Number of protein chains: 2
Amino acid sequence: MTTQPNIAAVAFLIADPARVAMLSALLDGRARPAGELAYAAGVTAQTASSHLGKLLAGGLLVVETEGRHRYYRLAGSHVALALETLASIGPAEPVRRKPLTRDARKLRFARCCYDHLAGRVGIAVTHGLLEKGFLVAAEKKRFELTPAGAEWFDRMGMNTASIRPTRYGLARQCLDWTEREHHLAGPLGVHLTNLLFAEGCIRRSPSSRAVDVTPKGWKVLKEHFGIQEQALL
Amino acid sequence: MTTQPNIAAVAFLIADPARVAMLSALLDGRARPAGELAYAAGVTAQTASSHLGKLLAGGLLVVETEGRHRYYRLAGSHVALALETLASIGPAEPVRRKPLTRDARKLRFARCCYDHLAGRVGIAVTHGLLEKGFLVAAEKKRFELTPAGAEWFDRMGMNTASIRPTRYGLARQCLDWTEREHHLAGPLGVHLTNLLFAEGCIRRSPSSRAVDVTPKGWKVLKEHFGIQEQALL
DNA sequence: CGCATGCTTCGACACGTATCGAAGCATTGG
DNA sequence: CCAATGCTTCGATACGTGTCGAAGCATGCG
């Protein structure tokens with residue numbers, strides 16, 4: 001009556017990490033298909049659909065169907081404003097975040113981002129390459145392959161000279177939505193991922209994009225970058 | 001990193017009706033003791049304490065201990081801003097509100113607001129008195145007792161002429177926090193409530209402030225105001 | 001000093017819901 | 001027309017958490 005009856009209802013819609021990831025992915029005001037939002041949130045299509053349905057019912061999103069795609073968009077700038085305002089309140093770290101099921105955890109831990117490695121493991125590998133000086137961050141969201149890096153990749157069994165860069169370059173910085181950091185993408189990232197598959201370091205898990213690191217994989221990661229499984233959990 | 005990591009955590013804190021009620025009660029920037037906030041939210045002291053602890057940990061509130069009271073206050077104007085911004089997004093009605101346990105439901109259904117009747121039943125009775133023309137809303141959050149009203153109260157067994165008004169008047173409008181409407185308070189409300197107790201229409205329930213309406217009570221309420229239990233659930 | 005008050009902590013319970021797998025509906029493309 | 005893609009719906013499960021009762025800790029009052 002006098003006050004705002006559904007603050008809690010609106011806040012509830014924003015109170016889920018997956019939904020925040022989706023909303024954040026839409027902060028630029030453009031519309032994106034459900035699948036992309038599912039990917040951004042690191043959840044399956046079914047889960048994403050459920051979330052999107054709620055956001056839609058709550059009036060935070062609007063949808064536009066085009067062919068077999070459904071494009072979601074923020075309902076207006078006021079939604080973006082609310083997100084920014086909430087963000088300004090943090091850190092609020094002490095409150096523990098919502099738990100994840102084992103499957104969702106797996107997905108966040110290691111997965112294929114289309115055709116290259118993402119998730120915590122992907123980030124860790126990218127960090128390792130940067131620390132060793134094999135890659136350096138460059139402009140336009142690219143990575144530059146250093147001479148030392150070329151040598152290392154070649155020694156690993158890749159013929160870097162033969163890899164054709166796309167118009168976006170040889171190695172791109174891809175924003176990892178679940179970790180909010182950059183991981184290695186582009187032709188170099190694809191080749192590296194393929195190599196890890198071929199060597200038996202990683203395996204596709206039954207669930208769609210998730211990836212399992214094999215014992216051999218952990219051994220390799222530790223040898224080259226000092227990455228240990230425990231440290232990533 | 002680049003974006004806001006804990007939007008969900010902050011939103012989660014606001015995503016509960018009880019917490020919103022508490023935060024709303026603090027919107028004026030003044031500090032209030034835990035008990036008052038518990039009452040505002042329509043929950044018990046234990047529950048309120050739990051909520052306040054979380055809001056405190058999340059940085060939405062600050063606390064100041066004074067004697068055996070603990071005064072809570074909004075952590076800053078940015079918190080108030082966030083609440084207002086969220087309110088601007090509504091209605092968002094379609095999303096169903098959080099469920100309540102049977103006890104909390106009882107409290108919201110009927111309870112004593114210090115010494116007068118509140119909750120849905122209290123609101124319904126007040127509405128009934130207004131509809132019958134026994135009371136009329138007046139300025140300064142007061143109710144005016146009409147001649148017809150005086151006659152009715154007297155017939156019910158109250159000597160209205162003998163009731164001494166306080167400096168706030170004979171009958172006050174008290175904002176019901178759980179229903180967000182006004183119910184009858186002031187000396188007239190107190191006397192009416194006492195009468196209902198004396199007549200066996202309502203009974204104090206074991207839980208603190210909750211009130212049970214007896215079968216006889218429902219009969220009386222239906223006869224005089226057409227209030228039925230079913231309609232209030 | 002003991003009792004009452006105000007608030008918090010502990011323990012237990014019930015209910016939502018976030019999640020995924022599988023199936024179902026559309027639409028596009030061969 | 002059939003297969004593939006994109007998304008949603010259905011069903012089942014696991015896990016938090018909001019809730020209260022009872023107990024514990026302070027503080028204040030008689």
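Chain A is the first sequence line, chain B the second, and so forth, proteins listed ahead of strands; every chain is numbered from 1. Note that the structure is predicted; figures quoted are calculated from it, not measured.
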Student: Output the rounded distance in Å from NZ (K54(A)) to P (dT8(D)).
Tutor: 13 Å
Student: What's the closest nucleotide to the side chain of A45(B) if the choices are dG6(C), dT8(C), dG21(C)?
Tutor: dT8(C)
Student: Given dA18(C), dT8(C), dT19(C), which nucleotide is nearest the side-chain atoms of H51(A)?
Tutor: dT19(C)
Student: Figure out the CG/P separation between L55(A) and dT17(C), and round it to whole Å.
Tutor: 14 Å
Student: So, is the end of the R19(A) side chain (NZ or CZ) under 6.0 Å from the ring centre of F12(A) and within 45° of the ring's axis?
Tutor: yes
Student: Report the nucleotide, chosen from dG21(D), dG18(D), dC7(D), that has the shortest atom-to-atom distance to any side-chain atom of D16(B).
Tutor: dG18(D)
Student: Just compare dG21(C), dC20(D), dC7(C) and give me whichever is closest to any side-chain atom of R70(B).
Tutor: dC7(C)
Student: Taking only residues two or more places apart in sequence or in another chain, which ones pass side-chain contact (heavy atoms from CB on, under 4.5 Å) with R73(B)?
Tutor: A31(B), V62(B), E64(B)
Student: Look at all strands and tell whether Y72(A) reaches a base, only sugar-phosphate, or nothing, counting heavy atoms closer than 4.0 Å.
Tutor: sugar-phosphate
Student: Rounded to the nearest 0.5 Å, how far apart are CE of M22(B) and OH of Y72(B)?
Tutor: 9.0 Å
Student: So, T85(B) and S88(B): side-chain donor and acceptor under 3.5 Å apart, yes or no?
Tutor: no
Student: Scan A34(B) against the nucleic acid and name what it touches under 4.0 Å (heavy atoms): base, sugar-phosphate only, or nothing.
Tutor: sugar-phosphate
Student: Between the protein and nucleotides 27-29 of chain D, which nitrogen or oxygen pairs come in under 3.5 angstrom?
Tutor:
{"unit_1": "dT27(D)", "atom_1": "O2", "unit_2": "R68(B)", "atom_2": "NH1", "d": "3.4"}

Student: Tell me which one of D16(B), L37(B), L13(B), L74(B) satisfies side-chain contact (heavy atoms from CB on, under 4.5 Å) with L23(B).
Tutor: L74(B)
Student: Can you confirm whether K216(B) is buried at NZ, in the sense that more than 12 heavy atoms of other residues, nucleotides or ligands lie under 6.0 Å from that atom?
Tutor: yes
Student: As a test of reading the structure: which of dC7(C), dT19(D), dG21(C) is closest to the side chain of T47(B), going by heavy atoms?
Tutor: dT19(D)
Student: What's the CZ-P distance between F12(B) and dG16(C), to the nearest Å?
Tutor: 16 Å
